[in-house]
Each structure stands twice: as structure tokens, then as C-alpha cells.
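For reference, the structure discussed in these notes is given below.
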Amino acid sequence: MVSATIEKIARHVGETVELKGWLYNMRESGKLLFPQFRDGTGIIQGVVSAKDVSPEVFEIARGLSQESSVIVQGIIREEKRAPGGFEISVSHLESVQTVSPGDPYPIAPKEHGIEFLLDRRHLWLRSQRQHAILKVRHEVIRAVRDYFDSHDFTLIDTPMFTPAACEGTTTLFEVDYFGQKAYLTQSGQLYNEATAAAFGKTYCFGPTFRAEKSKTRRHLTEFWMVEPEMSFARLEEVMNLAEDFICAIVERVIANRRAELKTLERNMAPLERVQKPFPRLHYDDAVKLLKEKGATFEWGGDFGAPDETLISENFDRPVMVHHYPSQVKAFYMEPDPQRPELACCVDVLAPEGYGEIIGGGERISSYEGLVKRIQEHNLPPEAFTWYLDLRKYGSVPHGGFGMGIERCVAWICGIEHLREAIAFPRTITRNYP
RNA sequence: UCCUGAGUAGCUCAAUGGUAGAGCAUUCGGCUGUUAACCGAAGGGUUGUAGGUUCGAGUCCUACCUCAGGAGCCA
């Protein structure tokens with residue numbers, strides 16, 4: 001007996017194969033059953049005819065409830081009437097575990113509320129839409145790794161436990177570290193600066209944690225971030241990298257995950273327009289643009305979500321906004337030599353209202369400059385001794401950026417909420433399942 | 001933390017202050033090409049919690065709880 005997967009079922013037309021999976025749904029019509037099977041790679045309709053199988057097998061098939069696990073044997077046929085275009089004519093069927101009708105699978109093929117679904121996220125992952133999103137996520141992550149691996153970056157992952165903040169301590173998760181205070185990382189960037197000085201070009205990729213009390217579709221308390229860092233790089237090179245990187249990811253997902261994007265009913269036109277060069281907008285000009293659009297915005301502030309949408313809707317592809325005022329950015333941003341009140345930084349705003357997916361820039365390379373900033377931000381200097389060392393022993397201009405994986409996936413999938421872009425989302429109100 | 005909205009059957013939702021309802025799901029019956037199949041029947045309720053107003057509260061009032069959307073902050 002040939003074992004087959006639904007994803008590659010087309011190559012088995014005419015053959016009798018064995019499928020191992022679960023009952024996705026079933027329609028029945030008297031002595032004819034139409035079970036739909038899924039195996040993790042796809043969904044295929046089966047047909048069980050009472051005249052073609054033993055009465056015992058027919059009864060087992062008829063008694064299957066949604067998500068019962070099964071092993072099915074049958075001939076694969078092309079069948080226009082079947083969703084997906086292929087069908088398995090079941091000759092034998094074995095139930096591995098039949099879901100009890102007294103406690104049926106809770107996620108029926110109909111609409112459900114979000115709280116109900118999130119409480120059953122461990123089961124919700126089996127549905128087509130969630131499956132498609134997580135397949136895209138996997139493709140994005142593969143593209144990210146392939147991109148950096150093939151551009152001479154070395155992967156060096158950074159710690160989750162850290163002794164101090166990169167930004168404010170209010171947004172840090174504090175943990176007890178054998179009697180001492182430690183914090184879950186918000187970013188691997190400071191460590192990336194050390195590894196970049198050791199290896200030239202590096203990146204880290206892992207979960208990050210923010211204890212922000214944000215209750216919006218754009219926030220998770222635990223999210224995955226990829227952060228490249230380059231020695232001897234200026235803002236210009238950071239922007240070039242961000243642009244090339246995003247194009248590579250989008251191109252790769254379009255090439256390999258078209259079926260999933262179709263399942264998600266993603267409008268492909270805006271994705272296909274993601275080509276170099278991206279528009280580059282100086283902060284001054286972004287403020288000017290906001291004022292032209294009638295927004296009440298004062299120079300010097302950071303953009304809120306509605307501001308980002310107003311800016312990005314003027315462009316048909318991601319837009320790079322650079323040179324924000326230092327006061328709204330992290331302490332380690334390199335000041336612009338011509339205008340020290342501005343930081344050599346860049347945010348990449350995704351189109352279609354998805355907002356910031358990348359933030360980055362050039363880091364301060366001078367020892368004195370960094371000490372001054374640490375003081376201004378009231379950060380504990382002893383925690384940054386090692387970080388300051390990087391400015392004492394062969395300091396160079398360097399920079400990089402961070403990209404939030406879930407924001408990128410949500411944008412590419414065209415989904416409303418970040419919580420669907422990760423298998424088990426952690427938000428301010430959710431730490432289960 | 002603030003603003004707005006919502007909690008009724010397993011799920012999604014109805015119900016002028018006057019007998020608690022439908023569809024889906026489940027069970028039983030019917031149907032040999034179904035497409036969220038369809039047709040018939042059955043079971044299924046402390047209306048988020050605690051008070052209050054009223055002859056009478058799912059409905060009105062107060063407090064609290066939970067969730068959702070948004071703001072601030074951020075990727």
C-alpha cells in the first residue's frame with residue numbers, strides 16, 4: 001500500500017493509497033457519504049458508497065464525528081465535483097480514535113467569536129485559515145534565514161534573560177533570577193552590537209517580551225523579532241538592507257505560498273507592487289505631509305497609528321521614514337552630525353494601514369556620546385559597562401534594524417489581528433492555552 | 001491607565017417591562033453526487049455576578065467581573 005499526503009495527491013491518480021489524518025467534515029446522502037479528510041498538508045473529499053464497502057466499514061464511516069482520527073485506503077481520482085479537484089474512493093477505513101458524540105469537537109464549521117476560538121487555539125490551528133497563515137509564517141521565517149545566511153550574516157542568538165533595559169523598565173517583564181532581578185529581553189540589539197564587532201555582520205532571531213499594556217490588534221506581549229546588525233554601516237546601508245530584505249521576503253512568499261494567500265483571500269496586487277526602490281521620506285517631510293492631510297501634529301512628536309496610516313496611504317509600497325527627532329527614539333541612536341536633534345534612524349511603514357514593521361538605524365559609536373545618553377535617560381550605568389566597552393575597543397560606525405515577524409506575517413496575509421500570526425498568542429489578557 | 005461597546009442553549013444570535021426563541025452542533029429517522037447539503041423529529045436555559053425599582057425584569061437603575069475595539073506606547 002502506497003502512503004500518500006494530500007498535498008501531493010495529484011501524482012497518485014489511479015493508484016490505491018493510504019491516507020492518515022482526521023475527519024474535517026462530512027456530508028451524507030443515504031447510502032453515500034462524503035467525508036472530507038485533512039492530514040496536515042491539505043484537505044481531500046472522500047466518497048464512501050454502501051455498495052462498494054462492507055456494511056461494517058460503512059457503519060464505521062457513518063459514525064465518524066468531526067476531527068476523529070482515521071486511516072483511509074482508496075483509489076485517487078480526478079473529480080470535478082469535489083472541492084480541490086481530486087477525490088478518494090474509499091475502499092477501507094479504520095478509525096484510530098472516534099470523537100465522542102457526547103463531547104463533540106467544539107469548533108464547528110461555522111462562525112465563532114474570537115474569545116471562544118482563542119480559548120481553543122490548540123484546536124483552532126486545525127482550521128484552514130489558521131493553517132494557511134502559519135504556513136505563510138513558516139515561509140517568511142525561512143526567507144528571513146535564507147536571506148541573511150546568503151548575504152554573509154552569521155546567526156548568533158542573544159539571551160532572553162537580561163540584567164537591564166534597552167528602553168524603559170515599565171515595559172519589562174521582571175523575573176526572579178536566584179534572588180536577583182532579571183528581565184525578559186525586549187530586543188537582542190545591544191548584544192548584536194557586540195557580535196557584529198566580532199563577526200562583521202550578524203543577526204539574531206527569537207522571541208522578545210514587552211509588558212506594555214497595549215490592547216490593540218497590533219500588539220502582543222511575546223513576539224518574534226529578527227535583528228540584523230552590521231559593522232561599518234551607515235544609515236544609508238541600513239535602509240538599503242531593509243528595502244532589499246523586505247522585497248526578498250515578499251517575493252518568496254508570493255512564489256511559494258500562492259495557494260495559502262488565495263485561501264486567505266489576499267489581494268495580490270499590493271504585494272506584487274513591493275519592489276525596489278521604496279520611497280524615502282525625511283521626518284520633516286512626513287510632518288509636512290501630515291499637516292497637508294489636515295492632521296493636527298506638532299513637529300517633534302512620534303507618529304501614532306492613525307498618523308502612520310495617513311503617511312503610508314500616499315504610497316503604493318512600503319515607505320521608509322528617516323531622521324526622527326532623537327527625543328522620541330531609543331537612547332542608543334546616533335545623532336545626525338548636521339542636525340544633532342535628529343537621529344540617524346529609519347522606520348519602515350507597511351502599506352494598507354499595517355504600520356511599522358521595521359525600526360532601526362545607526363548606533364552611537366562614540367564613548368562620550370553614549371555615556372551622556374545613558375545619563376540623560378537615567379539608566380543604571382553599571383549595567384552598561386560591557387556595552388560601553390564596545391566604544392572603547394575599536395569602535396566603528398554600525399547599525400541595523402529589527403523586524404517584527406508577526407507584523408510582517410499579518411501584513412503579507414492581509415489579516416486583521418496579530419494574534420492570528422502566531423500559534424499561541426500572548427496578549428495582555430491571554431496566557432492560555 | 002483612559003474612552004466606547006458587548007455578555008441569553010455547546011456555538012452564532014433574536015426576544016414593546018407581561019409564557020425563554022431560531023439557525024448551526026448533538027441524537028434518531030429519510031435520501032446514491034453532496035458543496036457551511038437538504039427534509040422530519042427529539043433533547044438542550046440559575047439570561048456574567050450581586051443588589052435595587054416594579055404586581056411582574058433578559059429588558060430599567062447601581063456596583064462589580066469578563067471580553068472586544070480604540071487611545072497612549074511600541075515591532
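All chains are named by letter (A, B, ...) in the order of the sequence lines, taking the proteins before the strands, and each is independently numbered beginning at 1.
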Applying the side chain to side chain contact (heavy atoms under 4.5 Å, CB included) criterion to A/Arg407, which one of A/Leu220, A/Ile358, A/Ile357 satisfies it?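 Output: one option passes, namely A/Ile357.
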Go through the N and O atoms of the side chain of [X] and the base of [N], and report whether any donor-acceptor pair is under 3.5 Å.
X	N	result
A/Arg430	B/C67	no
A/Glu28	B/U34	no
A/Thr216	B/G69	no

Return the nucleotide paired to [N]: Watson-Crick means purine N1 to pyrimidine N3 with N6-O4 or O6-N4, wobble means G-U with N1-O2 and O6-N3, both under 3.5 Å.
N	answer
B/G5	B/C67
B/C24	B/G10
B/A15	none
B/G45	none
B/U34	none

How far does the [atom1] atom of [N] sit from the matching atom of [M], given to the nearest Å?
N	M	atom1	result
B/C24	B/A42	P	14 Å
B/G21	B/G45	C1'	11 Å
B/A41	B/C31	C1'	16 Å
B/U8	B/U49	C1'	15 Å
B/A6	B/G58	C1'	14 Å
B/C61	B/C39	C1'	48 Å
B/G17	B/U59	P	11 Å
B/A25	B/C60	P	33 Å

For [N], take OP1 and OP2 only and decide whether either is under 4.0 Å from a side-chain N or O of [X].
X	N	value
A/Arg419	B/G69	yes
A/Thr429	B/A68	yes
A/His219	B/G70	no
A/Arg218	B/A71	yes

May I ask you to decide whether [X] forms a salt bridge with [Y], counting only side-chain N to carboxylate O separations under 4.0 Å?
X	Y	result
A/Arg373	A/Glu376	yes
A/Arg258	A/Glu272	yes
A/Arg252	A/Glu139	yes
A/Glu334	A/Arg363	no
A/Glu243	A/Arg280	yes

Specify the closest pair of heavy atoms between A/Gly300 and A/Gln327, including all atoms of both residues, with the distance to one decimal.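 Closest heavy-atom pair between A/Gly300 and A/Gln327: O-NE2, 2.8 Å.
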Considering non-hydrogen atoms only, spot the tightest contact between A/Phe58 and A/Gly30 and give its length.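 Closest pair (atom of A/Phe58, atom of A/Gly30, distance): CZ-O, 3.9 Å.
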From [options], nucleotide with atom closest to [X] side chain:
X	options	result
A/Arg210	B/U32, B/G33, B/A75	B/A75
A/Glu115	B/U26, B/U66, B/A75	B/U66
A/Arg62	B/A75, B/G29, B/A71	B/G29
A/Leu32	B/U32, B/C74, B/U34	B/U32
A/Glu212	B/G70, B/A75, B/U32	B/A75
A/Arg407	B/A25, B/A75, B/G33	B/A75
A/Phe34	B/G33, B/A75, B/G69	B/G33

Kindly give the atom pairs (protein nitrogen or oxygen, nucleotide nitrogen or oxygen) under 3.5 Å for nucleotides 8-14 of chain B.
from: B/C11; atom 1: O2'; to: A/Glu111; atom 2: O; distance (Å): 3.4
from: B/C11; atom 1: O2'; to: A/His112; atom 2: ND1; distance (Å): 2.7
from: B/C11; atom 1: O2; to: A/Lys110; atom 2: NZ; distance (Å): 2.5
from: B/U12; atom 1: OP1; to: A/Gly113; atom 2: N; distance (Å): 2.7
from: B/U12; atom 1: O4'; to: A/Lys110; atom 2: NZ; distance (Å): 3.3

Any donor-acceptor pair under 3.5 Å from A/Ser69 side chain to A/Gln97 backbone: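 Flag set: sc A/Ser69 to bb A/Gln97 pair under 3.5 Å.
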For [X], which contact category applies under a 4.0 Å heavy-atom criterion: base, sugar-phosphate, or nothing?
X	answer
A/Asn25	sugar-phosphate
A/Asp347	nothing
A/Gln36	nothing
A/Ile107	nothing
A/Ile358	sugar-phosphate

Heavy-atom contacts under 4.0 Å between residues 82-98 of chain A and RNA chain B, which residues?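 Of all residues in residues 82-98 of chain A, the ones placing a heavy atom under 4.0 Å from RNA chain B are A/Ala82, A/Pro83, A/Glu87.
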Checking side-chain polar atoms at under 3.5 Å, does A/Tyr203 have a donor or acceptor matched by the opposite partner on A/Asp149?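 Note: A/Tyr203 and A/Asp149 side chains meet the donor-acceptor criterion.
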List every contact pair, protein side and nucleotides 41-49 of chain B side both N or O, where the distance is under 3.5 Å.
none

Euclidean distance, A/Gln36 CD relative to A/Gln45 CD, rounded to 0.5 Å: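 Output value for this atom pair is 5.5 Å.
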Residue whose nearest RNA chain B nucleotide is more 5′ - A/Val47 or A/Thr221: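 Residue closer to the 5' terminus by nearest nucleotide: A/Val47.
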Geometric class of the A/Tyr283/A/Trp299 ring pair [parallel <30°, tilted 30-60°, perpendicular >60°]: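 Plane angle over 60°, so perpendicular.
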Check the angle between the aromatic planes of A/Phe245 and A/Phe401 and answer parallel, tilted or perpendicular using the 30° and 60° thresholds.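 Geometry flag for A/Phe401 against A/Phe245: tilted rings.
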